[in-house]
Visitor: 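Got a structure here, written out as structure tokens. Questions coming.
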Amino acid sequence: MKKLTILAALLMSVACTHPTDQVLATLKKAVAEGKVLYGHQDDLLYGHTWNATLEDDHTMERSDVKFVTGDYPAILGLELGDFELGAQRNLDGNDIDLTREAAVKHYLRGGIVTISWHPNNPVTGGDAWDLTGGDVVAKLLPGGDLHDMWMERMGRIGDFLESIKTPDGKPIPIIWRPWHEHTGSWFWWGWDFCSAQEFNDFWVMTYDYMVRERGLKNLLWAISPNGVDFFEDWPQRYPGDKYVDIVGLDMYCPTWMPQETALPYYMENMPLLLASLEQFAKEHGKILALTETGYEGLTWPTWWTEVLAPSIKGFPIAYLLTWRNTSEPDRRDVHFYAPFPGGPTEQDFCKWINENNILLLNGIK
Ligand code: BMA
């Protein structure tokens, strides 16, 4: 009898192992040890001088971060904008199959994948930054004029998320980060373009569709408010603990102000916002992260060690992700957030990693 009970308990624990448990355990362990996982957007898909889609390169072996440090980032960020339209390439030119292959390869190497989504404005056909078209979110909710059309687009995203599997058919865990920076007003789902109720309903509708209807159990749901003056109001747009696993801040070192004010601005505001979010995450039992950050163009030689490091010091963030290094010839000399061979801050980046308990891929294996 006793043996049977033990067997049943064992079987139950195997059956209840969730694809996301391992990721949660890795993130929690890092926090407990005072370490931070480093992530880079689109790291395996392109870099300053190369592009897997344009070269039809399926190896996923290149990475600007690896070229500089010898190791891949622990977290790989990927993006789905335009895949909701059935496009073969996303808004940044990445092939859909390569995007899936990057996710799977990174996971099989022991890494963690996070996915963002900048969908087009479904009313106007413009991009995610097109703020026209009236109450877009309201039109997408049940009963709204565009609800059916929207669900079809979500269906394509659901298909894609569902298709990210290991060769033996196991879904891989994904930190899924829809409707990010919703406290700003630069995306059609932003603060000025829907009410708090509409935003929360929109999130719950997304969750219900992916989790309840599609049965996707491999998603960890991350919400990413961005730094604004009214930060204490952001929890009005929090759909509830049931629908969120990770609470993260999106905050960049501003390039829209002169450097002599931008660096102090970042260093003063980052700790204030993180302190507020840390308190929120603690009260709600969530993991804290810095879901997007960086300094476009890295025009300060010691940005990593002397600006970023002191700004986040002491906060229990599980990971931070810096944005992409575009390979687009007309933008690649300005639009990058991670070092690359021959680019700025190579040495300072390595120093930051070595001296600040920052984990790359080998650190979480
Ligand atoms: C932005 C920029 C854009 C890009 C978008 C989605 O911050 O990098 O060029 O299209 O993210 O990745």
Side-chain angles (χ1 to χ4, degrees), residues 39-54 63-65 73 75-85 87-96 98-100 102-103 106 113-122 124-131 153 156-157 160-161 174-190 222 224-228 248-257 262 266 289-299 303 308 320-340 343:
H40 184 215
Q41 185 71 2
D42 284 346
D43 186 78
L44 299 178
L45 290 176
Y46 54 83
H48 187 66
T49 55
W50 56 277
N51 186 303
T53 297
L54 296 180
S63 148
D64 279 357
V65 168
I75 305 233
L76 169 65
L78 295 169
E79 162 66 33
L80 306 189
D82 281 5
F83 292 155
E84 78 278 2
L85 306 173
Q88 182 65 26
R89 289 190 182 184
N90 80 351
L91 78 170
D92 298 319
N94 298 317
D95 180 81
I96 191 166
L98 284 169
T99 303
R100 184 186 305 104
H106 187 66
V113 176
T114 180
I115 297 190
S116 55
W117 184 24
H118 292 74
N120 273 17
N121 179 322
T124 62
D127 61 22
W129 295 263
D130 179 358
L131 307 175
R153 292 189 182 185
R156 295 193 186 105
I157 295 301
F160 180 76
L161 291 173
I174 286 161
I175 300 175
W176 167 233
R177 206 164 62 84
W179 317 134
H180 67 302
E181 300 174 13
H182 63 299
T183 52
S185 293
W186 45 84
F187 295 129
W188 54 257
W189 57 89
S224 298
N226 54 282
V228 278
L249 177 69
D250 277 19
M251 185 182 163
Y252 285 86
C253 197
T255 43
W256 36 269
M257 49 170 89
Y266 183 85
L290 183 51
T291 38
E292 276 187 45
T293 195
Y295 190 28
E296 187 187 29
L298 291 168
T299 52
W303 187 79
L308 174 63
L320 69 84
L321 177 131
T322 57
W323 207 240
R324 62 201 201 96
N325 284 7
T326 190
S327 65
E328 291 163 38
D330 56 338
R331 279 221 290 170
R332 68 179 197 187
D333 289 331
V334 284
H335 198 53
F336 63 87
Y337 297 83
F340 53 85

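Predicted model only: the values in this text are computed from it and were never measured. Just follow the structure's listing: the first ligand is 1, and inside any ligand the first atom is 1.
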Visitor: Report all N/O contacts between ligand 1 and the protein shorter than 3.5 Å as a table of atom names and distances to 0.1 Å; if there are none, say 'none'.
Guide:
residue: ligand 1; atom: 7 (O); partner: W323; partner atom: NE1; Å: 3.1
residue: ligand 1; atom: 8 (O); partner: W323; partner atom: NE1; Å: 3.0
residue: ligand 1; atom: 8 (O); partner: R324; partner atom: NE; Å: 2.7
residue: ligand 1; atom: 8 (O); partner: H335; partner atom: NE2; Å: 2.6
residue: ligand 1; atom: 9 (O); partner: R324; partner atom: NH2; Å: 2.8
residue: ligand 1; atom: 9 (O); partner: R331; partner atom: NH2; Å: 2.7
residue: ligand 1; atom: 10 (O); partner: D92; partner atom: OD1; Å: 2.5
residue: ligand 1; atom: 11 (O); partner: W323; partner atom: NE1; Å: 3.1
residue: ligand 1; atom: 12 (O); partner: D92; partner atom: OD2; Å: 2.6

Visitor: Just how far is it from atom OH of Y266 to atom OH of Y295, taken to the nearest 0.5 Å?
Guide: 11.5 Å
Visitor: Under the ring pair (Phe, Tyr, Trp, His ring centres under 6.0 Å) rule, collect the residues that match up with F187, sequence neighbours excluded.
Guide: H118, W129, H180, W189
Visitor: Between atom CG of N120 and atom CG of D127, what is the distance when rounded to the nearest 0.5 Å?
Guide: 6.5 Å
Visitor: To the nearest 0.5 Å, what is the distance between CG on D130 and OG1 on T124?
Guide: 3.5 Å
Visitor: Just one of L45, L91, T114 clears the side-chain contact (heavy atoms from CB on, under 4.5 Å) bar with E79, so which one?
Guide: L91
Visitor: Is it true that a side-chain atom of T293 and a backbone atom of M251 form a donor plus acceptor pair closer than 3.5 Å?
Guide: yes
